[in-house]
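Take a look at the structure set out below.
It should be emphasised that the depicted structure is a prediction, and the values quoted were computed from it without experimental measurement. In what follows, chains carry the letters A, B, and so on, assigned in the order in which the sequence lines appear, proteins first and then strands, with residues in each chain numbered from 1.
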2 protein chains.
Amino acid sequence: MPSSPLAKGSNRIQRPVPLREGVYEALLELIIMRELQPGQHLVESELAMQLGVSRQPVREALQRLSTEGWVDLRPGYGAFVHTPTEKEADQLLAVRALLETESAGLAAVNRTEEGLARLRELWDAGVAAVEAGDVDAVVLANADFHMHVVQLSDNAVLAELAAQVDRRVRWYYAPVARLRGRRSWEEHAKLIEAIAEGDADAARRVMRDHTENTRRTYHEQVDGAGVEAAGV
Amino acid sequence: MPSSPLAKGSNRIQRPVPLREGVYEALLELIIMRELQPGQHLVESELAMQLGVSRQPVREALQRLSTEGWVDLRPGYGAFVHTPTEKEADQLLAVRALLETESAGLAAVNRTEEGLARLRELWDAGVAAVEAGDVDAVVLANADFHMHVVQLSDNAVLAELAAQVDRRVRWYYAPVARLRGRRSWEEHAKLIEAIAEGDADAARRVMRDHTENTRRTYHEQVDGAGVEAAGV
DNA sequence: GGATTGTTTGTTGTCTACAGTGTACCGGTG
DNA sequence: CACCGGTACACTGTAGACAACAAACAATCC
């Protein structure tokens, strides 16, 4: 039995993923991409019909989306896409700065060679996307890069909260991230350097500036003041 | 119509709260109080029978408890009370320190007279509970006090994340909080002072020390090293 | 025409039933 | 005794039904 080719868990037949999870992913994507508009009423039976499932997995997915803040459940009235406010955006960006600054410092302390190598790969991919002018890839590469820094912190709770915040922030700054992507990758390079040197203070300083730049850029964009995005 | 005695929203008849919310509260309480043990299998039909409802509201409550980290859903196997680990506890306490330190600084900036008055009331209640030797009341007063500081920060996202973390932390330090409650209320008094003076740096310093004391005390308790709790 | 009331339609919240899967137990065989 | 296969039972995931409530619409009254 110990040498059985089927003994390893990795060869287990995967059980089908519950429908509720597919529904969750589908709805989340529609919300993030704004195909489901803020404030829009999400009618369970319609969603169920469109997605080809019964109402139950839809309800369960909505429950989870509600807990994560994407959807507001109003008992008796139904589910509505959460309407973000500017104040909320500012608060999210402030909290993001706090969490990612702390993560950067911890990443500098807890880094691994593999982690650094991966970070550099992600950086290369991001720069390539910028040079190719592939805006969607830039946005994605940016999110991947940040999440990897957070993971290098080796604090799972911090990573989890940062992921929550980051997803909600995407609502706000995806358009910003498209502008002047190159500059933000220069800041990313400085961050890699600080982490590689194990310089927690430098890592924190670079990340704090970087995330504050995002916050400032968001406000400039909302105020319609300019297109001089400083970075993400 | 403007002067109708029924015009004010506060006279509205309250719609019944959905069962799922009552189930959620009941289960959460059982988990926090450890009447439902870590790792325990939560069988939907049993819970439904015990709570006198059908399985649906139980499923919906479990969905929410899972998203919040209290319960692990394993598709096809069911729901299990989340098993906290020491590493997780440490990470939670570290993140709690980060969030609450930032909150304290913002509270010093954004404080209001009402907020301060309320904080002092909560402090009085906490000290009275300590002197009455009412341990459960002490634990509760402590959580109330911390949550109120976080609310004074005027950053709803921060408050929400801090609330999430605080609830999970309760699993770990409720026993600790019982010990030497008086000392932690002395630290709370210093915090009130710093906030009242609008001294954000002092507020941050006091809160950082306070929450780090908790973290240290937790480790000492787990190591069985002593009963010299430094505070919560 | 505007306000009020009654009716209809749509939706939510919950209950019940069914199908599929996992686990435990039992009997038979080597 | 150990192992295997079959069966029964427990549980999960989902679908469908029903009752209650919210909103929209139509009819009636002033």
Restricting both atoms to N or O, compile the protein contacts to nucleotides 6-10 of chain D shorter than 3.5 Å, with distance only.
none

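Rounded to an integer number of Å, the gap from CG of B:Leu47 to P of C:dC15 is 14 Å. Between the C1' atom of D:dC21 and the CD atom of A:Glu44 lies a distance of 14 Å, rounded to the nearest Å. What separates CE of A:Met49 from P of D:dT14 is a distance of 19 Å, to the nearest Å. One interatomic measurement links the two molecules: CZ of A:Phe80 to C1' of C:dT12, which rounds to 11 Å at whole-angstrom precision. Going from atom CZ of A:Arg20 over to atom P of D:dT14 covers 6 Å, rounded to whole Å. The distance from atom CG of B:Leu19 to atom P of C:dT16 is 12 Å, rounded to the nearest whole Å. The CZ atom of A:Arg74 sits 18 Å away from the P atom of D:dC21 (whole-angstrom rounding). The CG atom of B:Leu73 sits 10 Å away from the P atom of D:dT12 (whole-angstrom rounding).
In the set D:dC11, C:dT14, D:dT14, D:dC11 carries the atom at the smallest distance from any side-chain atom of B:Ser45. Distance from the side chain of B:Tyr77 is smallest to C:dT23 among C:dG13, D:dG13, C:dT23.
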Before you tell me yes or no, could you show the steps for A:Glu160 and B:Arg168 under salt bridge (charged side-chain N to carboxylate O under 4.0 Å, His left out), namely the whole-Å CA-CA distance, both residues' side-chain angles and the distance that decides it to 0.1 Å?
CA-CA 13 Å; A:Glu160 178 197 318; B:Arg168 290 170 66 183; 3.2 Å; yes

Working for side chain to side chain contact (heavy atoms under 4.5 Å, CB included), residues B:Arg215 and B:Asp90:
CA-CA 7 Å; B:Arg215 194 171 161 191; B:Asp90 187 60; 3.0 Å; yes

Pair A:His146-A:Gln151, side chain to side chain donor-acceptor pair (under 3.5 Å): steps then yes or no:
CA-CA 9 Å; A:His146 278 258; A:Gln151 252 126 44; over 6 Å; no

Go through the steps for B:Leu161 and A:Leu99 under the test side chain to side chain contact (heavy atoms under 4.5 Å, CB included), then give the verdict.
CA-CA 11 Å; B:Leu161 292 184; A:Leu99 294 176; 4.2 Å; yes

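The stretch residues 54-70 of chain A comes close to DNA chain C through A:Arg55, A:Gln56, A:Arg59, each having a heavy atom under 4.0 Å from the strand.
Contact check on A:Glu68 versus A:Arg64 returns a salt bridge, with a Lys/Arg side-chain nitrogen under 4.0 Å from an Asp/Glu carboxylate oxygen. Taking the charged nitrogens against the carboxylate oxygens, B:Asp154 and B:Arg111 have no contact shorter than 4.0 Å, which rules out a salt bridge.
Sequence order on DNA chain D of the closest nucleotides to A:Gly52 and B:Gly78 puts B:Gly78 first from the 5' end.
The shortest distance between the side-chain N/O atoms of A:His41 and the OP1/OP2 oxygens of C:dT12 is below 4.0 Å.
Remark: the backbone N or O of A:Ser153 is not paired with any side-chain donor or acceptor of A:Ser103 at under 3.5 angstrom. A donor-acceptor pair under 3.5 Å links the side-chain atoms of A:Thr101 to the main chain of A:Ala97, judged by distance alone.
The aromatic rings of A:His188 and A:His210 stand perpendicular to each other, their planes meeting at an angle above 60°, with 30° marking the opposite boundary.
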